[in-house]
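Take a look at the structure below.
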Amino acid sequence: MNETLKQIVQIIAKYKVRLSIVAGIVLLVGIYIFNIKYTSVTAKFENLRPVQANMTVYYNGFKVGKVARIQPSKDYKTTLVTMVLNPIDLKLPDNVIAEVKKELKNRREYDIVDLIYPKAPSTRYLKNGSIIEGRVQQNIQDKLANLADAGVLDQLQGNANSALKSLNEAASSLSTLFATLNDVVQENRPNLKASTDNLVKSSDNLALTTKNLQEMTKKLDNAMEQQKLSSVVTNADDSIANFKTATENIKAISINVNTSTQNLNQTRQGIDSTLVVTNQTVKNIDEITTGINATLKKNFGGLRILFGKTIQTDENALCPK
């Protein structure tokens, strides 16, 4: 009995010492936290995915705080993430954005909160109780999950299956085509060989014919050169004779032109004389017409004309004859 009591007393004494140590540590931590100044900010997320608790908060790559609490709103439409920002001199506008994203560290992914400075910063700074906008950075897995939820992946899978089916049908058709071509080639192989041999012979004959044509062309060129020389001399003689004939014709034409010019001068003189006589005749006719008109204007003018009595006119007045 005495031994048992001794053991109980020793255990109580031992745990009293440990309890006092724990109480002292808690007291020191409380004093430390009480003396530290911090800013408590809440970020509101519309569609926050499941994340790790106690996420670290960063700003421009520097650790500035930690997530203290994650809880739903009263209507369960949003998620509220309360963050504790430690730096005393950290002054951020109250429209800063809290973005949850993944960080790769030691080949493991961790959820973090990154504070993003807004493009149009507010003039008011963050303070205790501020509520800011929260958003989630989507990675490839999240985007694929969203597409799957929307049914897009099922549609893509259906399209891919249709495409694969079409490819299989096209491959089958190509196989059939190649088999048919092979059969055609096998059936026409003797003809192809004969055609090839004939083509080789034709090529040889064509080369020989080309050579003969070249030799004939050379001979023809030589003959043409000799004939050209003879033709040039003959043509030169004919050209000289034609030039002489043309010169004589030009002289004859000059003589005819001179004669024609003289005849034209004489004809013009006759025409001038004819024009003078014609003008005189026209003048006389005008005088006769004027006299008749004057006679007709007088009393018994018609009788006077019948009996040959007309009235003569001068330049100034009409007088009876």
Crowding at [atom1], [X] (>12 non-hydrogen neighbours, <6.0 Å):
X	atom1	value
Lys44	NZ	no
Tyr125	OH	no
Asn106	CG	no

Please round to the nearest 0.5 Å and tell me the distance separating atom [atom1] of [X] and atom [atom2] of [Y].
X	Y	atom1	atom2	answer
Tyr110	Lys102	OH	NZ	11.5 Å
Gln71	Arg69	CD	CZ	4.5 Å
Lys66	Asn54	NZ	CG	6.0 Å
Asn86	Thr39	CG	OG1	9.0 Å
Thr78	Asn47	OG1	CG	11.0 Å
Ile116	Asn95	CD1	CG	12.5 Å

Is the shortest distance from a Lys or Arg side-chain nitrogen in Lys101 or Asp114 to a carboxylate oxygen in the other one below 4.0 Å? yes
If only side-chain N and O atoms count, and only distance matters, is there a donor-acceptor pair under 3.5 Å linking Ser40 with Asn128?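 The criterion, which ignores hydrogens and geometry beyond distance, is not satisfied for Ser40 and Asn128.
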Hey, any chance Ile112 and Val100 share a hydrophobic cluster, counting ILVMFWY side chains that come within less than 4.5 Å of each other, even indirectly?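 In one cluster: no.
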Would you say Val51 and Leu80 are hydrophobically clustered, going by side-chain heavy atoms of ILVMFWY under 4.5 Å?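 As far as the 4.5 Å side-chain criterion goes, Leu80 and Val51 are not connected within one cluster.
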Checking the side chain of Ser130 only, and the main-chain atoms of Leu126 only, is there a donor and an acceptor separated by less than 3.5 Å? no
Please test Val113 against Tyr58 for side chain to side chain contact (heavy atoms under 4.5 Å, CB included), starting from the C-alpha separation and ending with a verdict. CA-CA 6 Å; Val113 178; Tyr58 289 90; over 6 Å; no
Test salt bridge (Lys or Arg N to Asp or Glu O under 4.0 Å) applied to Asp94 and Lys127, step by step: CA-CA 8 Å; Asp94 62 357; Lys127 60 183 180 179; over 6 Å; no
Decide side chain to side chain contact (heavy atoms under 4.5 Å, CB included) for Val57 and Leu115; before the verdict, give the C-alpha distance in whole Å, the side-chain angles of both, and the deciding distance to 0.1 Å. CA-CA 7 Å; Val57 182; Leu115 298 179; 3.9 Å; yes
